Amino acid sequence: MVKKANNNRSASSGKQADGAICEPCESLPVAFDRHLRYWLSRDDDAPTALYYSMALSIKEHMLEYWRDTRTNDAQYKNKQVAYLSLEFLMGRAMGNTLLNLDLQEDCKAALKDYAVNLEQLQEQEHDAGLGNGGLGRLAACFLDSCASMDIAVTGYGIRYEYGMFTQKIVDGYQQESPDKWLRFGNPWEVRVPVHNVSVKFFGHTETHTDKNGRRHMEWVDTQDVLAMAYDMPIPGYKNERVNTLRLWKAEATDEFDLDEFNQGDYAEAVARKNLAEQITMVLYPNDSSENGKELRLRQQYFLSSASLQDLLRTWVKKCGTDFSQFGEKNAIQLNDTHPSVAVPELMRLLVDEYYLEWDDAWAITTQTMAYTNHTLLPEALERWSVRMFSHMLPRILQIIYEINARYLDEVAHRWPGNCQKLADMSIIEEGHEPQIRMAYLAIVGSFSVNGVAGLHTQLLKSGLFKDFYELWPHKFNNKTNGVTPRRWLAHCNQGLANLLDDTIGHEWIMDLSQLRKLEKNAKDTSFIKKWQKVKHDNKKILAEMVKEQCLVEFDADMMFDVQVKRIHEYKRQLLNILHVIHLYNRIINGDTKNMVPRCVLLGGKAAPGYAMAKSIIKLANNVAHMVNSDPAVRPYLRFAFLPNYNVSAMEKICPGTDLSEQISTAGKEASGTGNMKFMMNGALTIGTLDGANIEMLEEVGEENFFLFGLNAQQVAQARINYSPRAIMQNSPRLRDVLNLLQSGHFNLVEPGIFDHIISAMLSPDDQWMTVADFDAYVDTQEKVADCYAQPELWSTMSILNTAASGRFSSDVTIAGYRDEIWKA
Ligand SMILES: *Cc1c(COP(=O)(O)O)cnc(C)c1O
């Protein structure tokens, strides 16, 4: 039964308006009851109904702050930033929103007469999984930091009907099912038809001369698609700012195929609506690899065009068609090359629609655009065929040609007579099927190009973008990634947050460098006891999840050794599995001396088209099956593959982890952000000198980090004469592991299914050089075990890791973007 409405005012609600900001005059509990009874018209207290009522009430609470933020920002007193990203991996909103609005106690009060507590309520929320992994999660962390740091940033993305697929494991194999996250509606969003824009596709171009004799290009006979705006509130941390994440949904325009209507093909005409709506139907599930499908390019142009039209319309409303100040008042950050078609699209809008001269439009574009590169992997570099462009975006292709011609003049000027340079640096890659190099387009059109960790930026400047660095050194800069301490510490690890509050005060939440104050407690026995209790409690929560989802029992008194991230050969989940097999081998051979009992957890999704990644999942599951079903192994080793790794899973995983696995082939992981979440929550890292691991190690010191393996230079060197078989012959441990694997011990009923994995590892062409680092990895894992066997030492190291994690707050990263790129 629904309880009676009461009029209790909570401490933080119901305050009267005293100026620009007016808080809602209704308390959260009252709004909650109203929603539950009238809006949803429900008279039961099913957890889903309670969740929706609460979410709607919280959103309502934000509406005035949200409107005031929007109204203030539209004055352009400060620079406006648009963050364009094909992915926003937001996860759940409720817990984070309650934290940032300081509504947790009100929410608990509202729930006190119901048989559901706050945690259970939050569990009702479906993750907003509009991203693959690190890139999309970075965008989400950035939005939280921007709002919390009072920066006017709007996120622009796509409202995919289906987000990242749900992963199930059946007979050890990954099985994908569609993620219909909007099935029961999204209580956080607001549909805002006034912001609709129309996006052109196909058609052709015509030249017109106006009455002043000026020539214009017109893009005509297009098939237009309506972009419908859906806004999600992004509340800052206790600062009354609510920024916007605007997600576009594709709909058929009102005028769609009138001809067909008139010809009586009513049903066909309606059915064609689907063609338009396909654009935003599904997120492409590829992480770190391009896909090349036409629909993907349509998504990219749809997002870019809709977002830029929105920016220009807002500008014109305030400033008219004088764009002279536009570049000073706007910055557009491109999250990877995915939205880089925004460069020619902004040119098109300024030149074709607002009649600016090319040079003026180009000055504005290159004063506004900034590009973030996320990977060095060649398979991730986007190229679109000229043929596809000329068909789908004919006007945009013309503009790209014009940009390229003018830019190549600059190249020719810089390297006179060097035709090879022109070919190498051209935005168009000539050949049998000419391609547009989207990264080059992004660099040419941007005033800033940044990498996402120190090593990554170095490698961009010396490798992939070397020529561009020589041409325009001033464009290049580094912004090491970070994660938001609101979600990844305060919200997900309340036990630790409380201990921090009691020990160093509460300021760390907006100034994570404060965590350094923990250093003086690192050897304090009574503090260590408290630290251990927090970790142990978190391990029990994680163990519960593992038991529920994997049917494997983890023991909170054993070491929790975790690797969760997208499955990719460069991330080397295989190396981890080889180590598990090594431990298993030792145990069944009775060699358990000095062995520290461990629970190893692996999790992550494989791109559905990535066969090797899927085989690695199968291998992990088969090894787990053998490990867990042998009672003699059980006291020392347990191994589980967690299905459907996502943001809300990570919120339980990182607080409960002892050892974080960050073991990519050096030079391949641009930054990593999972590594930072673990570090913040007191995990120790075993890792290579790759991505942000290098900076983590610098902050915490080598004595508190388990470093192993070849560095990026050594990897490049070792590649020249790489002989995995020779390495195997010299390593008895590796030989034993590979022999056991080869023998079919883990696939008795499916002979041969892992042969290709073994031969890939033993190939001299193995890009990822897994076996090259095996011995170093196993040795270092033994050091890990030695440390873990000394609980006080381990806890001291754990405290020092949290203490040193302040630099990896996304607030620090965003301060860098704000001061050095956006100048906001
Ligand atoms: C943080 C995060 C990632 C990124 O992890 P890496 O280890 O940096 O690859 C991917 N997916 C989810 C769900 C995350 O929370």
Side-chain angles (χ1 to χ4, degrees), residues 87-92 95-96 126-144 163-167 179 181 283 285-289 335-336 374-375 377 380 452-453 455-456 480-489 491-493 545 562-573 575-576 601-607 613 642-657 659-665 668-681 683 685-688 690-696 805 808-810 813:
E87 303 189 13
F88 286 91
L89 190 49
M90 301 299 286
R92 291 174 176 152
N96 189 245
H126 197 103
D127 270 40
L130 308 183
N132 276 281
L135 176 149
R137 185 53 233 175
L138 184 78
C141 282
F142 279 4
L143 291 185
D144 182 73
M164 190 59 208
F165 67 80
T166 302
Q167 179 196 53
D179 166 45
W181 71 294
L283 166 75
N286 309 50
D287 185 71
S288 309
S289 73
N335 197 22
D336 212 313
H374 283 270
T375 176
L377 298 182
V452 291
L455 174 69
H456 173 231
T480 299
N481 284 166
V483 301
T484 170
R486 270 73 62 189
R487 181 176 296 263
W488 295 114
L489 215 176
H491 163 64
C492 77
N493 195 346
M545 180 170 84
V562 179
Q563 185 178 24
V564 287
K565 47 183 74 243
R566 287 300 290 258
I567 310 294
H568 201 294
E569 287 162 285
Y570 87 78
K571 291 173 182 280
R572 293 201 298 196
Q573 281 90 359
L575 185 56
N576 192 346
L601 185 65
L602 202 65
K605 293 172 187 177
L642 181 82
N644 205 41
Y645 172 58
N646 62 10
V647 171
S648 47
M650 187 53 159
E651 288 171 8
K652 290 204 176 88
I653 294 167
C654 63
T657 294
L659 182 67
S660 157
E661 300 268 354
Q662 306 300 336
I663 59 178
S664 52
T665 312
K668 297 293 180 191
E669 185 75 88
S671 164
T673 50
N675 47 2
M676 301 166 183
K677 299 167 200 165
F678 284 114
M679 183 190 195
M680 245 173 229
N681 285 278
T685 302
I686 181 166
T688 48
D690 200 14
N693 291 355
I694 296 171
E695 289 150 79
M696 286 165 49
S805 68
F808 306 105
S809 164
S810 46
T813 315

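Just so you know, these numbers come straight off a predicted model, no measurement behind them. Indexing begins at 1, ligand by ligand and atom by atom, following the structure's order.
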Chemist: Residues two or more places apart in sequence or in another chain: which of them pass salt bridge (charged side-chain N to carboxylate O under 4.0 Å, His left out) with Glu661?
Modeler: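 Residues passing salt bridge (charged side-chain N to carboxylate O under 4.0 Å, His left out) with Glu661: none at all.
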Chemist: Under the rule for salt bridge (charged side-chain N to carboxylate O under 4.0 Å, His left out), what residues qualify as partners of Arg487, not counting sequence neighbours?
Modeler: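 With sequence neighbours excluded, Arg487 shows a salt bridge (charged side-chain N to carboxylate O under 4.0 Å, His left out) to Glu651, given in chain and number order.
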Chemist: Can you give me a line-by-line list of nitrogen or oxygen pairs between ligand 1 and the protein shorter than 3.5 Å?
Modeler:
residue	atom	partner	partner atom	Å
ligand 1	7 (O)	Lys565	NZ	2.7
ligand 1	8 (O)	Thr673	N	2.8
ligand 1	8 (O)	Gly674	N	3.0
ligand 1	9 (O)	Lys571	NZ	2.7
ligand 1	15 (O)	Lys677	NZ	2.6

Chemist: Only counting residues at least two apart or in another chain, list the ones meeting salt bridge (charged side-chain N to carboxylate O under 4.0 Å, His left out) with Asp144.
Modeler: Arg486
Chemist: Would you kindly say whether Lys565 and Gln662 are connected by a side-chain donor-acceptor distance under 3.5 Å?
Modeler: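 Judged by distance alone, the side chains do pair up.
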Chemist: Here's a test for you: under side chain to side chain contact (heavy atoms under 4.5 Å, CB included), which of Leu89, Asn335, Asp287 qualifies with Leu135?
Modeler: Asn335
Chemist: Any side-chain donor paired with an acceptor under 3.5 Å for Tyr570 and Glu669?
Modeler: yes
